[in-house]
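Let me begin by presenting the structure, written as structure tokens, before commenting on it.
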Amino acid sequence: MQIKETERLWHFPVIAGLCVGVCLLIGWYFDMPNFGKLSSLGAMVILYLTPAPLANRMVQMAVCAFGLIFAFASGIVFSFHPLASAFSIFFVAFLANFVTSYFETPAPGRFFFIMLVAIASSMPFDVYKIPTNVGLVAMGALLAVILAFLYSVFIARNIRLPRQAKKSNRRGYTHVIESLIIGLFLGGSILIGHAFKLDTPYWITVSAAAIIQGRDFLHMRERNIQRITGTFVGIGLTWLIFLTQPNLLVIVLLITLLQFIVEMLVVRNYGIAAVFITPLTILLAEMDSPNLVDTTYLMSTRLIDTIIGSLIGLLAGLILHQQSIIQQLEKQFREAYFKWSGKI
């Protein structure tokens with residue numbers, strides 16, 4: 001329940017909410033809410049804006065934008081079969097974790113790359129819609145990069161840069177082993193969702209990825225409790241929102257406000273932020289037809305998905321933070337690598 005102190009300034013959550021809200025408002029104005037929803041996924045790249053010299057900041061934004069587009073494209077191209085979806089999630093999760101851990105990318109790190117590939121892998125496969133859907137995500141990412149540049153030039157240019165953290169001395173093998181474990185667990189999580197014929201199997205993967213974000217096993221266990229508890233309370237808040245039968249414009253404004261609240265709280269207390277993450281994601285998923293939603297069924301399935309995903313993430317964390325297991329796997333991987341390279 002502790003509220004942590006943070007150096008995050010209030011105008012960053014504003015710009016984050018604005019990026020998502022502008023995409024949704026454009027979709028609402030042209031009566032194409034699904035287009036706005038897809039472009040808002042690309043706009044999540046704004047969360048990778050970090051305090052750094054302007055040139056470095058924009059290069060990182062551009063690279064992350066390309067990464068999110070690639071992750072979404074990988075998921076939607078392989079969404080034709082559950083096994084192919086699991087492979088795409090494994091590949092993107094492995095690549096995202098390896099790159100972000102190797103370059104020590106700060107939070108949210110690998111999370112949103114995994115989230116986009118998971119969402120895309122659960123979308124109905126339609127080869128004719130792939131270019132349009134990927135293009136919409138790319139447009140949202142481009143909008144976020146432009147707003148990030150304007151924000152950096154006119155508002156955040158005088159922000160004091162944080163002191164550089166000391167580089168870790170982890171070996172390359174460690175990054176590979178950890179990435180393989182994360183990829184296998186997250187790829188397997190989507191298969192569990194398909195095996196139980198869940199409507200939104202990607203939510204299991206997203207919940208598991210959120211738990212794995214913890215810096216150690218104790219932190220993961222804490223996040224596990226916070227996420228399940230926060231989701232349970234958030235479901236009640238979602239029920240109250242749907243009780244008012246909001247129209248599409250109200251939903252768009254609510255999502256924008258919730259995005260701002262989440263970014264204000266997530267660095268202070270993850271459990272409290274999870275209360276608002278739940279209605280944010282449900283409203284975003286169901287904004288096409290809010291008055292046709294069976295709220296009881298929707299919220300019960302979302303809670304079940306969260307519990308399953310959180311437990312999978314906790315199990316992955318238990319393995320990731322067992323040094324004896326990691327060291328043994330490193331040894332076997334190193335021996336196999338040298339044996340294979342020797343034959344070449």
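Nothing here was measured: the structure is a model prediction, and the numbers come from that model.
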Is it the case that the side chain of [X] and the backbone of [Y] share a donor-acceptor pair, with hydrogens and angles ignored and the cut-off at 3.5 Å?
X: S85; Y: F78; value: yes
X: Q259; Y: G21; value: no
X: R223; Y: A210; value: yes
X: K37; Y: L24; value: no

- Query: When you look at CE of M139, are more than 12 heavy atoms from neighbouring residues, nucleotides or ligands closer to it than 6.0 Å?
  - Reply: no
- Greater than 12 external heavy atoms within 6.0 Å of F91's CZ: no
Shared hydrophobic cluster for [X] and [Y] (ILVMFWY, side-chain gaps under 4.5 Å):
X: F66; Y: L68; answer: no
X: M32; Y: L143; answer: yes
X: F149; Y: F154; answer: yes
X: L315; Y: I190; answer: yes
X: I69; Y: V59; answer: no

So do [Y] and [X] actually touch side chain to side chain, heavy atoms under 4.5 Å?
X: I251; Y: W28; value: no
X: M123; Y: F72; value: yes
X: I212; Y: F111; value: no
X: V117; Y: F70; value: no
X: N269; Y: Q226; value: yes
X: I241; Y: P246; value: yes
X: F196; Y: I204; value: no
X: T244; Y: L240; value: no

Separation between [atom1] of [X] and [atom2] of [Y], rounded to the nearest 0.5 Å:
X: L283; Y: L253; atom1: CG; atom2: CG; answer: 11.5 Å
X: L311; Y: S189; atom1: CG; atom2: OG; answer: 12.5 Å
X: T231; Y: L237; atom1: OG1; atom2: CG; answer: 12.0 Å
X: F242; Y: I282; atom1: CZ; atom2: CD1; answer: 6.5 Å
X: F260; Y: L257; atom1: CZ; atom2: CG; answer: 8.0 Å
X: L25; Y: T256; atom1: CG; atom2: OG1; answer: 6.0 Å

Nearest heavy-atom neighbours spanning [X] and [Y]:
X: T50; Y: P106; answer: CG2-CG, 3.7 Å
X: L83; Y: L191; answer: CD2-CD2, 4.1 Å
X: L54; Y: S152; answer: CD1-CB, 3.5 Å
X: G317; Y: M220; answer: CA-SD, 3.1 Å
X: I76; Y: S79; answer: O-OG, 2.9 Å
X: S310; Y: S207; answer: N-CB, 4.1 Å

- Any side-chain donor paired with an acceptor under 3.5 Å for S88 and S121? no
- Query: Any idea how F98 and Y102 line up, ring-wise: parallel (<30°), tilted (30 to 60°), or perpendicular (>60°)?
  - Reply: parallel
- Task: Give me the ring orientation class for Y48 and F112: parallel if the planes are under 30° apart, tilted from 30 to 60°, perpendicular past 60°.
- Result: perpendicular
- Message: Are H11 and Y151, when compared by the centres of their aromatic rings, separated by less than 6.0 Å?
- Response: yes
